[in-house]
Amino acid sequence: MSKIYGYARCSTNEDKQDINRQIRELKAAGAEEVVFEYEHGDAKVKQNLNMLLDAAQEGDTIITLEVSRLSRSTQQLCEIVEVIKKKKLRLIIVGSITVDCRNGDIDPMSQAFIQMSAVFSELELSIIRARVRSGMRNAKEKGVKVGRRPTTKDDIPPLFYKHYPAFMAKQMNVSELARICGLSRPTIYKYLRLVS
(Lines give C-alpha, C1' and ligand atoms only; values in the text may rest on other atoms or scores of the structure.)
Protein backbone atom coordinates (compact mmCIF):
# COMPACT_ATOMS: atom_id res chain seq x y z
CA MET A 1 0.00 0.00 0.00
CA SER A 2 1.39 3.42 -0.95
CA LYS A 3 2.35 5.94 1.73
CA ILE A 4 2.06 9.71 1.91
CA TYR A 5 5.12 11.42 3.36
CA GLY A 6 5.55 15.06 4.28
CA TYR A 7 8.88 16.89 4.15
CA ALA A 8 9.58 20.03 6.19
CA ARG A 9 12.79 22.03 6.46
CA CYS A 10 14.01 25.13 8.28
CA SER A 11 17.39 26.76 7.74
CA THR A 12 18.32 27.29 11.38
CA ASN A 13 17.68 25.45 14.64
CA GLU A 14 14.52 25.01 16.67
CA ASP A 15 15.43 27.98 18.90
CA LYS A 16 15.23 30.38 15.94
CA GLN A 17 12.60 28.80 13.68
CA ASP A 18 9.45 26.87 14.55
CA ILE A 19 9.09 23.92 12.19
CA ASN A 20 5.81 22.83 13.81
CA ARG A 21 3.73 25.08 11.53
CA GLN A 22 5.05 23.22 8.49
CA ILE A 23 4.40 19.85 10.16
CA ARG A 24 0.79 20.81 11.03
CA GLU A 25 0.11 22.04 7.48
CA LEU A 26 1.63 18.91 5.93
CA LYS A 27 -0.52 16.67 8.11
CA ALA A 28 -3.59 18.73 7.19
CA ALA A 29 -2.64 18.18 3.52
CA GLY A 30 -2.69 14.41 4.06
CA ALA A 31 0.83 13.47 5.14
CA GLU A 32 0.80 10.29 7.23
CA GLU A 33 4.42 10.67 8.31
CA VAL A 34 6.45 13.90 8.31
CA VAL A 35 10.22 13.91 7.89
CA PHE A 36 11.89 17.18 8.89
CA GLU A 37 15.30 18.71 9.36
CA TYR A 38 17.17 21.93 10.05
CA GLU A 39 19.48 22.60 7.12
CA HIS A 40 20.23 25.44 4.70
CA GLY A 41 18.25 25.37 1.45
CA ASP A 42 21.33 25.18 -0.74
CA ALA A 43 23.21 22.66 1.43
CA LYS A 44 24.64 19.94 -0.77
CA VAL A 45 23.53 17.22 1.63
CA LYS A 46 20.13 17.16 3.28
CA GLN A 47 20.44 13.93 5.20
CA ASN A 48 16.78 13.43 6.14
CA LEU A 49 15.52 14.33 2.67
CA ASN A 50 17.96 11.83 1.18
CA MET A 51 16.77 9.15 3.62
CA LEU A 52 13.15 9.93 2.67
CA LEU A 53 13.89 9.65 -1.05
CA ASP A 54 15.72 6.35 -0.42
CA ALA A 55 12.86 4.95 1.69
CA ALA A 56 10.02 5.98 -0.64
CA GLN A 57 8.63 3.12 -2.71
CA GLU A 58 6.97 3.16 -6.12
CA GLY A 59 3.56 4.83 -5.91
CA ASP A 60 4.34 6.79 -2.73
CA THR A 61 3.66 10.52 -2.43
CA ILE A 62 5.89 13.23 -0.98
CA ILE A 63 4.22 16.48 0.08
CA THR A 64 6.04 19.73 0.85
CA LEU A 65 4.83 23.31 1.28
CA GLU A 66 7.15 25.13 -1.14
CA VAL A 67 9.73 24.24 -3.76
CA SER A 68 12.33 26.06 -1.63
CA ARG A 69 11.75 23.56 1.22
CA LEU A 70 13.28 20.87 -1.04
CA SER A 71 16.13 23.03 -2.28
CA ARG A 72 17.21 26.52 -3.25
CA SER A 73 19.55 25.12 -5.88
CA THR A 74 18.25 24.55 -9.41
CA GLN A 75 20.69 21.69 -9.95
CA GLN A 76 19.69 19.93 -6.72
CA LEU A 77 15.99 20.32 -7.46
CA CYS A 78 16.44 18.82 -10.93
CA GLU A 79 18.26 15.87 -9.29
CA ILE A 80 15.36 15.42 -6.81
CA VAL A 81 12.80 15.47 -9.64
CA GLU A 82 14.90 12.86 -11.47
CA VAL A 83 14.68 10.61 -8.39
CA ILE A 84 10.90 11.21 -8.20
CA LYS A 85 10.64 10.16 -11.86
CA LYS A 86 12.98 7.17 -11.60
CA LYS A 87 11.25 5.77 -8.50
CA LYS A 88 7.75 6.47 -9.91
CA LEU A 89 6.67 8.75 -7.05
CA ARG A 90 4.28 11.69 -6.81
CA LEU A 91 5.47 15.08 -5.53
CA ILE A 92 2.92 17.59 -4.28
CA ILE A 93 3.86 21.22 -3.64
CA VAL A 94 0.85 22.30 -1.55
CA GLY A 95 -1.28 24.90 -3.29
CA SER A 96 1.08 25.01 -6.24
CA ILE A 97 1.70 21.96 -8.43
CA THR A 98 1.60 18.18 -8.44
CA VAL A 99 4.33 16.29 -10.27
CA ASP A 100 2.93 12.81 -10.80
CA CYS A 101 5.59 10.40 -12.03
CA ARG A 102 3.85 7.21 -10.92
CA ASN A 103 3.68 6.12 -14.56
CA GLY A 104 7.46 6.68 -14.88
CA ASP A 105 7.20 9.94 -16.81
CA ILE A 106 6.79 13.65 -16.14
CA ASP A 107 4.76 16.03 -18.27
CA PRO A 108 6.78 18.90 -19.81
CA MET A 109 4.68 21.66 -18.17
CA SER A 110 5.26 20.25 -14.66
CA GLN A 111 9.00 19.88 -15.31
CA ALA A 112 9.23 23.45 -16.62
CA PHE A 113 7.26 24.84 -13.66
CA ILE A 114 9.50 23.06 -11.13
CA GLN A 115 12.65 24.27 -12.87
CA MET A 116 11.39 27.88 -13.05
CA SER A 117 10.42 27.74 -9.37
CA ALA A 118 13.92 26.53 -8.54
CA VAL A 119 15.49 29.39 -10.50
CA PHE A 120 13.39 31.97 -8.60
CA SER A 121 14.13 30.29 -5.28
CA GLU A 122 17.87 30.39 -6.01
CA LEU A 123 17.56 34.03 -7.11
CA GLU A 124 15.76 34.91 -3.87
CA LEU A 125 18.58 33.36 -1.82
CA SER A 126 21.21 35.29 -3.83
CA ILE A 127 19.33 38.56 -3.28
CA ILE A 128 19.07 37.92 0.48
CA ARG A 129 22.80 37.19 0.70
CA ALA A 130 23.67 40.30 -1.32
CA ARG A 131 21.54 42.44 1.02
CA VAL A 132 23.19 40.94 4.09
CA ARG A 133 26.70 41.57 2.68
CA SER A 134 25.73 45.13 1.74
CA GLY A 135 24.30 45.75 5.21
CA MET A 136 27.45 44.40 6.86
CA ARG A 137 29.70 46.61 4.69
CA ASN A 138 27.53 49.64 5.51
CA ALA A 139 27.68 48.86 9.24
CA LYS A 140 31.48 48.47 9.12
CA GLU A 141 31.83 51.82 7.34
CA LYS A 142 29.85 53.41 10.17
CA GLY A 143 32.21 51.85 12.71
CA VAL A 144 29.79 49.21 13.96
CA LYS A 145 31.36 45.90 14.91
CA VAL A 146 29.86 43.18 12.76
CA GLY A 147 29.57 39.49 13.59
CA ARG A 148 29.88 37.55 16.79
CA ARG A 149 32.15 38.85 19.47
CA PRO A 150 35.21 36.64 20.02
CA THR A 151 34.79 33.81 22.53
CA THR A 152 36.83 34.23 25.71
CA LYS A 153 37.63 31.99 28.68
CA ASP A 154 34.77 33.71 30.53
CA ASP A 155 32.33 32.17 28.03
CA ILE A 156 33.39 28.61 28.86
CA PRO A 157 30.71 26.91 31.00
CA PRO A 158 31.60 25.35 34.39
CA LEU A 159 30.57 21.91 33.11
CA PHE A 160 33.45 21.99 30.62
CA TYR A 161 35.94 22.78 33.39
CA LYS A 162 34.45 20.00 35.51
CA HIS A 163 35.22 17.33 32.87
CA TYR A 164 38.35 18.94 31.40
CA PRO A 165 40.76 17.13 33.79
CA ALA A 166 39.33 13.74 32.75
CA PHE A 167 39.84 14.69 29.10
CA MET A 168 43.42 15.76 29.79
CA ALA A 169 43.98 12.44 31.59
CA LYS A 170 42.79 10.72 28.37
CA GLN A 171 39.81 9.20 30.18
CA MET A 172 37.52 10.55 27.45
CA ASN A 173 37.86 11.79 23.88
CA VAL A 174 36.54 14.98 22.26
CA SER A 175 33.26 13.35 21.22
CA GLU A 176 32.59 12.09 24.75
CA LEU A 177 33.50 15.47 26.23
CA ALA A 178 31.14 17.19 23.79
CA ARG A 179 28.33 14.77 24.60
CA ILE A 180 28.68 15.02 28.38
CA CYS A 181 28.83 18.84 28.18
CA GLY A 182 25.94 19.09 25.72
CA LEU A 183 28.14 20.98 23.26
CA SER A 184 29.19 20.51 19.64
CA ARG A 185 32.64 19.20 18.76
CA PRO A 186 33.67 22.52 17.09
CA THR A 187 32.74 24.35 20.31
CA ILE A 188 34.81 21.90 22.36
CA TYR A 189 37.80 22.44 20.04
CA LYS A 190 37.36 26.21 20.43
CA TYR A 191 37.36 25.92 24.23
CA LEU A 192 40.38 23.59 24.17
CA ARG A 193 42.35 26.17 22.17
CA LEU A 194 41.44 28.83 24.73
CA VAL A 195 42.51 26.84 27.78
CA SER A 196 45.66 25.23 26.36
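Sequential numbering from 1 along the given sequence is applied to the chain's residues.
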Determine yes or no for a side-chain-to-main-chain donor-acceptor pair under 3.5 angstrom, with T98 supplying the side chain and D100 the backbone. no
Where the side chain of R90 meets the backbone of I4, is there a donor-acceptor pair that is under 3.5 Å apart? no
Please list all pairs meeting salt bridge (Lys or Arg N to Asp or Glu O under 4.0 Å) that have one or both residues in residues 173-196, counting only residues at least two apart or in different chains. none
Enumerate the salt bridge (Lys or Arg N to Asp or Glu O under 4.0 Å) contacts for residues 54-76, please, sequence neighbours excluded, ordered by first and then second residue. E66-R69, R72-E124
Residues forming a salt bridge (charged side-chain N to carboxylate O under 4.0 Å, His left out) with E39, sequence neighbours excluded: none
Neighbour count above 12 (heavy atom, 6.0 Å) for E32 CD: yes
Run the side chain to side chain contact (heavy atoms under 4.5 Å, CB included) test on V174 and F167 for me, step by step, so that the C-alpha distance in whole Å, both residues' side-chain angles and the decisive distance to 0.1 Å come before the verdict. CA-CA 8 Å; V174 171; F167 171 79; 3.7 Å; yes
Has the side chain of K87 got a donor or acceptor atom that lies under 3.5 Å from a matching backbone atom of A56? yes
For the pair T64 (side chain) and Y7 (backbone), establish whether a donor and an acceptor sit closer than 3.5 Å, ignoring hydrogens and angles. yes
Under the 3.5 angstrom rule, does the side chain of Q57 hit a backbone N or O of A55 as a donor-acceptor pair? yes
Would you indicate whether the side-chain heavy atoms of F36 and I23 approach each other to under 4.5 Å? yes
4.5 Å side-chain heavy-atom contact, I93 and L70: yes
Do the charged groups of R21 and E25 touch, with an N to O distance under 4.0 Å? yes
Can you tell me if E37 uses its side chain to pair, donor with acceptor, with the backbone of L49 under 3.5 Å? yes
Candidate pair T61 and S2, rule side chain to side chain contact (heavy atoms under 4.5 Å, CB included), full reasoning: CA-CA 8 Å; T61 297; S2 59; over 6 Å; no
